[in-house]
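Index from 1, following the sequence. Counting starts at 1 for both ligands and their atoms, in listed order.
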Amino acid sequence: METKNIRPFPKNFLWGSATAAFQCEGAAHEDGKGLSVMDVRKQDPSICNYEVASDHYHHYKEDVALMKECGLKAYRFSIAWTRIFPQGNGAVNQKGVDFYNALIDELIAAGIEPIVTLYHFEYPQGLIEQYGGWLDRRSIDDYVSYAEFCFKTFGDRVKYWLTINEQDHVVHMPFRLGLSEGDIHETEKAGFLANHHMCVAAARAFKACHELVKDGKIGPAVCFDMLYPTSNRPADALAWLDAMDLRNYYVLDMNVHGEYNGTFRRYLEDRGMMPPILPGDMELMRENRPDFIGFNYYASKSISAFPTDENNKIGDIAIKLLPDREAGIYQVVKNQNLSATLWGWEIDDIGLESVCRLLWDRYRLPLLITENGFGNKETPDENGMVIDDDRIDYLSRHLLAVKKAMNVGVGFLGYCTWSFMDIVSGHSGFSKRYGLVRVNREEHELKDLSRSKKKSFYWYQETIRQNGDNI
Ligand code: BGP
């Protein structure tokens, strides 16, 4: 809604930026780090792997100095689980601990609040080999032991924690669970078993954080696209509700309310995919709630009804990243009202405003945007600077959406751009850049990995300096 006045950003708003370990650190085989599922991933050879990435492991002091110059109040990064526990459990690798201690100390000295993701896609390959990873309940204990170790070791300085990045995507991506593609139904079933174990593990991590970290706050970091019914046909509106429950709310409903929402439960039971729930699992979730909702937002999608017929039966699904078409439920269709990135991600800042309100209405927990950013192909101009006006436009519109959501009462902790420096994109290597800072390398040519500030760096610096009054 438009209002005559708009409230300013609060003084303690966490102006942040984010990365993830496997996408920026490099040093994939250095100082005792063990292998993760991302290291062993078989991928398109035209895309770079994660061995060097942005070489943040060796450039972290320079990177933190740039964050300080930008004025960041918070930096979200992830700990590579296998830098601390190379096998996922068992012996600790002290050099890994030393690295994160040094990074955290550097941030604190720069006046930047660390926000730490415990697990961002890079599951230890050792646990896959020992017992099949998240498909086995032993995974819960190993995740909790790792989390407790981090709380005890870093919790004197790290007060904001995130349990699992985009669990709602991981469970649909076989290789991130250490599975081969195989039979789609079996893979889906395995994914929802993993999902249950992750929710139990997250509840135990919420509990442990509250017990071990003085003033600690912890939450999930899901992906949350805005969804729209494509038309005012009632069947499209119903398909939209189903899609919201099945794509967006299902993990958070377990994390916050300790329940499988009705649509999700019926969906799983109908397909013989309901995981075994042990006595105490749901009570544990209900008794241990997160302190905030962390979510990544990039785009919106349009949903229309997709009825069954003689060709499309219940259970027929088309899997891409997530099922984009499920017979008897919904299908994702192009939104003619929005422009998109080069990768087809539909740009929708108003969608973010709606998401913030939906999340606040359903959970009444403060929000932390853990990722929001614009991926693009980029080359520096003749003066060596990347003039990324499209990114500035994208980020400022999305920040205005946050401001407008706060204006009608949505509680917020802060906002992180994705990403601080260029990192390896999850699906498109170094050809798709997100950073406020350019890293001088190409897909396969490493060059000197030097850092240079893009135009968006200066824009974000000014935005933080004005505490968002320019938005
Ligand atoms: C999120 C992930 C990030 C990052 C981002 C952009 O899903 O949490 O790790 O990859 O998406 O995605 P992509 O790199 O595929 O453009």
Side-chain angles (χ1 to χ4, degrees), residues 16-26 28 36-39 41 43-44 46-50 53-54 56 75-81 115-123 162-177 191 198 219-226 247-248 251-252 293-301 320-322 324 340-348 351-352 355 368-378 388 390-391 394-395 398 415-436 439 441 443:
S17 194
T19 62
F22 75 97
Q23 290 171 284
C24 74
E25 281 180 7
S36 80
V37 293
M38 302 310 292
D39 297 313
R41 174 188 180 189
Q43 62 180 27
D44 177 353
S46 66
I47 293 174
C48 69
N49 61 25
Y50 303 108
S54 321
H56 175 65
Y75 172 50
R76 174 196 177 209
F77 63 96
S78 71
I79 292 180
W81 185 338
I115 301 175
V116 172
T117 316
L118 288 163
Y119 157 47
H120 191 128
F121 299 159
E122 43 190 315
Y123 195 72
L162 297 160
T163 47
I164 299 176
N165 183 69
E166 293 191 351
Q167 175 178 332
D168 43 346
H169 276 198
V170 174
V171 302
H172 289 287
M173 300 180 88
F175 77 89
R176 287 188 180 158
L177 294 171
M198 287 183 200
V222 294
C223 180
F224 207 103
D225 296 331
M226 180 59 194
R247 296 174 69 104
N248 278 351
V251 171
L252 291 176
I293 304 287
F295 70 102
N296 302 341
Y297 179 87
Y298 289 90
S300 65
K301 289 192 165 64
K320 285 205 301 192
L321 178 62
L322 280 169
D324 270 354
T341 69
L342 293 175
W343 286 264
W345 295 20
E346 289 172 354
I347 300 170
D348 185 6
L352 175 59
V355 162
L368 174 65
I369 296 185
T370 39
E371 291 177 27
N372 176 234
F374 180 76
N376 209 1
K377 291 187 191 294
E378 292 171 349
D388 50 349
D390 288 350
R391 176 167 298 112
Y394 178 99
L395 295 174
H398 284 75
Y415 167 94
C416 297
T417 70
W418 181 265
S419 52
F420 184 67
M421 61 281 197
D422 290 337
I423 42 80
V424 185
S425 147
H427 302 283
S428 314
F430 242 87
S431 308
K432 185 181 188 184
R433 294 177 185 258
Y434 280 95
L436 307 173
V439 174
R441 66 161 285 182
E443 202 67 68

Among all protein heavy atoms in this structure, tell me which lies nearest to [atom], with the distance rounded to 0.1 Å.
{"atom": "atom 14 (O) of ligand 1", "answer": "G426 N, 2.6 Å"}
{"atom": "atom 5 (C) of ligand 1", "answer": "Y298 OH, 3.3 Å"}
{"atom": "atom 3 (C) of ligand 1", "answer": "E371 OE1, 3.4 Å"}
{"atom": "atom 10 (O) of ligand 1", "answer": "Q23 NE2, 3.0 Å"}
{"atom": "atom 15 (O) of ligand 1", "answer": "H427 CD2, 2.9 Å"}
{"atom": "atom 7 (O) of ligand 1", "answer": "E166 OE1, 2.5 Å"}

Please work out, at 4.0 Å between heavy atoms, whether the side chain, the backbone, both, or neither of A20 comes within that distance of ligand 1.
neither

Part of Y434 with heavy atoms under 4.0 Å of ligand 1, whether side chain, backbone, both or neither:
side chain

F295 and Y297: aromatic ring centres closer than 6.0 Å?
no

Between the side chain of [X] and the main-chain N/O of [Y], is any donor-acceptor distance below 3.5 Å?
{"X": "D348", "Y": "G351", "value": "yes"}
{"X": "S54", "Y": "D422", "value": "yes"}
{"X": "E122", "Y": "S36", "value": "no"}
{"X": "R433", "Y": "V439", "value": "yes"}

Is the closest N or O pair between N165 and ligand 1 shorter than 3.5 Å?
yes

Could you tell me if the side chain of Y119 sits less than 4.5 Å from the side chain of M198, heavy atoms only?
yes

F121 ring centre to R176 NZ or CZ under 6.0 Å, with the angle to the axis within 45°?
yes

H120 near ligand 1 by a heavy-atom separation under 4.0 Å
yes

Answer yes or no for W345: is there a heavy-atom contact with ligand 1 below 4.0 Å?
yes

Near [X], which atoms of ligand 1 are under 4.0 Å from a heavy atom of that residue?
{"X": "N296", "result": "8 (O)"}
{"X": "S425", "result": "13 (P), 14 (O), 15 (O), 16 (O)"}
{"X": "K432", "result": "13 (P), 16 (O)"}

So which heavy atom on T417 is nearest to which on S17, and how close?
OG1-OG, 2.6 Å

Would you call the rings of Y75 and F420 parallel, tilted or perpendicular, taking 30° and 60° as the class edges?
perpendicular

